[in-house]
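See below for the structure under consideration.
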Amino acid sequence: MNQTIRRLPHARIEADSTVEFFFDGRRYTGKKGDSLASALLANGVGVVGRSFKLHRPRGILGCGTEEPNALVQLESGEYTEPNVRATLIPLYPGLVAKGQNAWPSVRFDLLGAVGLCKRLLPASFYYKTFMWPNWRSWEWLVRRIAGLGTAPQAADAERYVKQNIHADVVVVGAGRSGLEAALEAARDPAKRVLLIDSQEEPGGRLLGSPVPEERSWLANALSEVAQRDNITLLCRTTVNGYYDNNVLAALERRSNHLGPRSGNAFRECFWRVFAGRVILATGAIERPLVFPNNDRPGIMLASAVREYTHRYGLTLAREIVFYTNNDSAWQVALELHRVGVKVDAIIDIRGAVDSALVEGARDAGINHYLGTRVINTKGRSGIRRLKIQRAPADGDPSVQSVESLPCELLAISGGWTPTLHLYSQSGGKLQYRESDACLIPDCNNQNISVVGRAAGEFRGELNLQCQWLTPDVPPENQWVDFQYDVTAADIQLAARENFVSVEHVKRYTTNGMSVDQGKTSNVNGLGILALATDREIPAVGTTRFRPPFHPTTIGAYAGIELGALYKPVHLLPAHKAHLTCGASFDDYGSWQRPVCYPKPGEAEAAAIAREAVAVREAVGLLDYSPLGKLEVVGPDARAFLDRVYINNMVSLKHGAARYGLMLNEAGIVIDDGVVVCLAEDHFLLHTTSGGAAVIHRHLDEWLQCEWTDLQVVVNNCTTQWATMMLSGPKARDVLQQLDCDIDLSRESFGHMQYREGHLLGQRCRILRASFTGEVSFEVSVPARYGQSLWKILMQRGANMGITPFGIEALMLLRTEKGYLHIGADTDGNTMPQDLGWGGAIARKAGDFIGSRSLSLPVGLDADRLQFTGLELLDPKGQTISGAHILSADERTTNGYVTSAVHSPNLNRTVALGIVAGAAQRQGEEVTVFYDGLRQRARLVSPCAYDPEGNALNG
Amino acid sequence: MEKYSAFGLLRHALSGHRRWPQVWRSAELKPNYDAVVIGGGGHGLATAYYLAKEHGITNVAVLEKGWLGGGNTGRNTAVSRSNYFYPESTRFFEHSLKRFETMGRDLNYNIMFTQGGVLSLAFSRHEMEIFRRWATAIQVQGVDCRVMGREEVSEAVPLLNMSPHARYRVYGGFMQQRGGISRHDAVAWAYARAASSLGVDIIQNCEVTGLNISDGAVRGVQTTLGTIRTSKLAMAVAGHSSVVAGMAGIKLPIVSQCLQAMVSEPIKPCFDHVVMSPQVHCYVSQSDRGELVIGGGADTHPSYGQRGNLPTTESVLNAVTEMYPAFSRLKLMRQWGGIVDITPDASPIVSKTPVNGFYISAGWGTGGYKAIPAGGETLAYTMAHDRAHPLVEPFSLARFAQGRLVDESAAAGVAH
Amino acid sequence: MDELIEETVLAGASVQRKTLQVVELAAFGLVRLQACDRTERGLAVLSEQLGLTLPGPGLVLDSQEGAWFWTAPGEWLVAVTAGAEEQSLSALRSRLGSEGVACSIVTDSHVVLEISGVAAREVLARGSTVDFHPVNFPTGKCLLTQFAGLPVLLATLPGRDTFILFADRSVGQYLIEWFKSASSDC
Amino acid sequence: MIRIECPWCGLRSESEFTCGGQSHIVRPENPAEVSDEIWAEYLYQRENPRGLHRERWRHTYGCRQWFNVIRDTVTHEILAVYHMTDSAPEVSGGRE
């Protein structure tokens, strides 16, 4: 059936428009202003989904975020989105949606067969079976039957953005109460008011009102809002999270109403709202009544019927029957009649109903059955007939009569549930109001207030008569959670098995755990549990609501910070120059640094080896800029550093450099580097590359929190300088070609010395330290000249075979030399005595950070892992960082290989490690184990290359 | 205790499921118990069960201030694994993992333990070296674990971002195939059912307000339901250890922090393993119900607020979107927080205390769930013999004064 | 003869949108001043030596050296004319005397961006949680905050709705990419 | 989300700060002379209260200064902010 229903004149849609869309492969048309749900209804599509567990056919129950049934898979490929409420999708041209959790289709679903063994599948049946032979043999099946939509396989083609906003007053919900509150607050022109509404347009329930006065009130209110320039109105924006200190998270749908490929830069905007005061005008959600087979397509909330009729102008069915326990549904029925939609009957549980309503119904020619219950419904893909039963008059069963009514649409109302998810998230407590059988705000700590229906202020009394489930008929087919197939019987079973805490029942029956998070099922479940356990509802308690109020796009939480923007990346001053030299880059502590400079077609390992050899035989050039540089200045600088390093800093002479080792208070080695004395009150600390910020924080903490009397400041100048390391026998020759006012000769500028001067007319700092074992000059110039310096050195060094080298070659070279690399050759237990610094500590007079911890029992253990070299007995043998040293019985670990390279200069494997008691075991043979392979090795001095250090002093 | 089985289910179906017995007895609080366990979470219930089953101590009460399983047991991401670095840790958690493997049959309750494998991803050369060191440590201890290269990883996790230009490039990882996920509520309920049937009294909505201690020994417990006399008292109150220990005048090396977890809407199966990305603080698995279960790092400030916090949620989901670009259009359905006890070495404390008869199980950090069976078993043993179970000797309260920390992250550079 | 050639951080890279523009400013030389004695007395002495009332948090002071930005207790960033760092440094040193104050040239460690356009405040509010509403962040003010995950100093130029952002030079490229992406609807 | 009034920079969001844990921990005068137990206590034992907590924070993304805060660890309400060198002020209750 593809002919669409004629729309009522007062509808808020463009009657003469035609919007084409597709559902389950069929082509339909709707109107501009339709939601997918209203368009489907207009096309007479009854079954739009299948339930989670039993695959029962499901129709549209509601008209908004509360919808538990109409979940569809929207679009396809990189634009597909599972589990979308049809009620929340504005119809756009060419929309493509599919029913979910069904095969082949929701109209005819073979998995519906599961429903036949319903009796075998009560709540949590799975805990009681699938144990033989074991869970694994069943699990695959269960997993496949469970789940709803399908996950996208391709990356999201659209982008998201995050926006922070501050406001004095934030009003959530632009229905009548919300608009009133916002306008009230905006009277004070100094106040910034933010009004947020989740629908396509503001107005809330007024959008579904046929009453002319209400419609004009809305129009006026909206124009006033538009005029106030201290009110910001955000539509299509759902507040999903309410966090501490009045911070709200909201999601704005920017292009979902246009569909994919809308050309919008951002699909959704994630708002972080910082509110002074929050006013919740979030309205209320209607509750279904619980009765046998209340889950058939064609059974709809009365509030939804109202919306579809007046907002979308639909005449939903020929035979419309209402079933209620309160007055609100009567109003809806009469409103329908007023716009010319025929209502056949109103069935009301209550024996007596306000006479005005009864007369209204009589005048409208609507049959009404008071004191009457629906005890069953019939129909295959949709409801066709009702079975109703008049309640026995004062317990006299004889007078009860059962009738059957034709019914194409059953509009139900079991009362209203104020929407207090955000209130609860904010830490607010709820209280139960007997008269309306609903939970309302109680008390709250944050600056928040609740108005309108959300506060339980229902315009006009409901005169509700509570009925949590239908008595005297089987509970097995009385549905509570339509999506997860939870029935009254399931909740009773839970109680029977002693799951009487509301949280237990939720978890045991899964009531309210479906994607709607129980918006229509929680309170009914609560009531049924109260009955089953013979308690009052306050005694049962409620479950705490958790964010998000409505499921929220995961990508929106990420915003734009993905890919290259995922985490800030630091670039070297000479980054481009490295590219031109053919560098391959990698992330080293968030710095993009050259790994090596492979020649065309050259493998990484080969390039690294070539670079390492070049440094030993001629000269290499390394961009060393990320090496941490901290300047410590002040009258107490020297005293401070003496407490920071285990090494003696009291005797450090002006212009001299000294190696320093830094511990944390637990005695663990955290950093090392060369310390230079620039002046009596001025020191330059070098930290491990990328470690400057961490060490800066470490020093600041001690200065600000512990030694507040010390007059010392720390200046992180790491990126002020571009540092180029020239290393190799020809390093000096290269540098001497450049115009420099520092005497670079071996005699006057020795190892571990530091000079300042001018290079090519610019200020420069040169440090002679070495991490390669070769003569090295670490030349620093202001960063703006870094790239230029690199290029010049490459040019002038060309005739001496200068070779750019990367981090990996540097690591290879320092491993050959047995130079310690903190973090690689140490772990979180390493103390200085494990690195051969025991003597220095013993000699040091004063206290320093971590010193006391070194003498805790653990520090004195004989089997501490200590730094050592490892020489494989088999000269051709290879090993890898991560291999272990086994104990004699090979049952436990005795240490591990921390650095291992194939040395091109020694043409064998060179390895470093930390091994139990290594210092006392030099020369001993041990077993190295990796990936099932055992090798013999000898514990030797870490320094494998040039132990005499001739190269260094060359 | 009625045996659960498919046949039983069928039989009860005929009677409309109206004859199912209580899963655990509703017990009245007695004035006297041989042993009392504070905390009705997985650890507390398991402890009571093993006291009764292994040590014949059946006059036992479990006191739960809320509803049983309502603490971290019901709030975590239900991962079990034993891929630890130090032998002390591996030995303990491997024992626990074995218990998980047979729990369904042992307790006749299907906890749905799915051993899809736990895969940890490395994002740099250095991390890969650490992982090799880590994986080898596990192999040396005879536990299953294998290092995987980039290609293997990409096959195992087809939805993973394998771009060579990714901000954090995947270098590889290592997998413990026997690791996996189970249904956390089921574990608590299974132990409650088993313990209750052995005579243990499970008392819910009973908060401990004070401890009766004299001459350095436990005499009893004051609760909101009255005072109980007992000489053996254990606490297994993850998240609130400092508070309860404080009642005994004991200060702990513990900081309580909020750890968040979250789930997406349910989708059809698309994710087979538990995949951890320590470098970017996110781990992901998919539950039997189809939800993606997502966890991350704990908030860095002390917290007893059992609720989600926006900045953490954002950073975790930012990582998820970066790692799995296809999940961007899925929707987050529910987010919550649990309070975890963090010790200086992130290893637990299962120990006697300076107070005779008072035993603590605390400091499980983010790894408490996987420890439930072994944690209960060893605490029960420690109570019964007033002597630490061999498996928990390294996890004594006294280790800190000796500096003998068991710091997994120190060796592996990765928290658990 | 070799000569070191000066290069800017972004080498001309910029963001040009209808409602937002981001360009690198090379017009400044930057000097950092740090007082070792951060007590009130110490700072009073400092002000006296300099002959200025040094600005407190959020405030900008215009002196003949240039603009002074408070960056921490007892610490200021002084923006001088590009190239004039050396003079300013020696000028300051001479007034201060060597003891107890650290003066360093930090021009090269910074990248300075100018952000302008009607969308400027909106886009800034995508990178930081501070309130950029003119009421809270009027022109002539400055603040330190976390922006796009980085520590930055933001300042507004007196009179104009234009923003100056100071960040570490190594993240200059990242920031430009960030602005490109964040402003794709501008 | 925790919002903290930095004594220098004003009200900022949690993500701009680093929490340094319990404050007012006294470092032994002469570390060399205290027992292992005392030293371990100083290193590891913490108050960890459920309720008011005196802790130190650093405005990492702002003025880089450490300062003290009194915070309710349940509600995350900030009851006081004071300088590193000041002693803790008396505060009433908190929301717990």
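Here is the naming used below: chain letters follow the sequence lines, and residue numbers restart at 1 for every chain. Everything quoted here is computed from the prediction, not taken from an experiment.
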Leu571(A), part contacting chain C, at a heavy-atom distance under 4.5 Å: both

Residue, of Val123(C), Thr39(C), Leu150(C), Asp37(C), that accumulates the most heavy atom pairs under 4.5 Å with chain A: Asp37(C)

Contact class of Val161(A) relative to chain C, heavy atoms under 4.5 angstrom: side chain

Main-chain N/O of Ser109(C) paired with Gln720(A) side-chain donor or acceptor, under 3.5 Å: yes

Structural part of Val9(C) lying under 4.5 Å from a heavy atom of chain A: neither

Heavy-atom contact with chain C under 4.5 Å, split by part of Asn264(A): neither

Polar side-chain atom of His166(A) near backbone of Thr129(C) as donor-acceptor pair, under 3.5 Å: yes

Rounded distance [0.5 Å steps], CG in Leu4(C) versus CG in Leu759(A): 6.0 Å

Cationic N near anionic O, under 4.0 Å, Arg192(A) to Asp131(C): yes

Check: Ala148(C) main-chain N/O paired with Glu561(A) side-chain donor or acceptor under 3.5 Å: no

Heavy-atom proximity to chain C below 4.5 Å, by part of Tyr785(A): both

Closest contact, heavy atoms only, Glu7(C) versus Ser788(A): OE2-N, 3.6 Å

Trp721(A) portion near chain C, given a 4.5 angstrom heavy-atom threshold: neither

Part of Glu86(C) lying under 4.5 Å from any heavy atom of chain A: side chain

Atom of Ser181(C), atom of Ile560(A) and distance for their closest heavy-atom approach: OG-CB, 3.6 Å

Contact summary for Ala11(C) and Lys576(A), nearest pair of heavy atoms: CB-NZ, 4.1 Å

Which portion of Arg763(A) sits near chain C, non-hydrogen atoms under 4.5 angstrom: side chain

Closest non-hydrogen atom pair between Arg784(A) and Asp108(C), with its separation: NE-OD2, 2.7 Å

Part of Ile105(C) lying under 4.5 Å from any heavy atom of chain A: both

Which portion of Thr8(C) sits near chain A, non-hydrogen atoms under 4.5 angstrom: neither

Between Gln787(A), His682(A), Lys162(A), the one whose heavy-atom pairs under 4.5 Å with chain C are most numerous: Gln787(A)

Intermediate values then yes/no, side chain to side chain contact (heavy atoms under 4.5 Å, CB included), Val171(C) and His570(A): CA-CA 5 Å; Val171(C) 293; His570(A) 301 260; 3.5 Å; yes

Leading residue by heavy atom contact count with chain C [cutoff under 4.5 Å; candidates Ala783(A), Pro568(A), Ala265(A)]: Pro568(A)

Side chain to side chain contact (heavy atoms under 4.5 Å, CB included) between Lys791(A) and Ile5(C), worked out: CA-CA 10 Å; Lys791(A) 288 178 184 162; Ile5(C) 299 150; over 6 Å; no

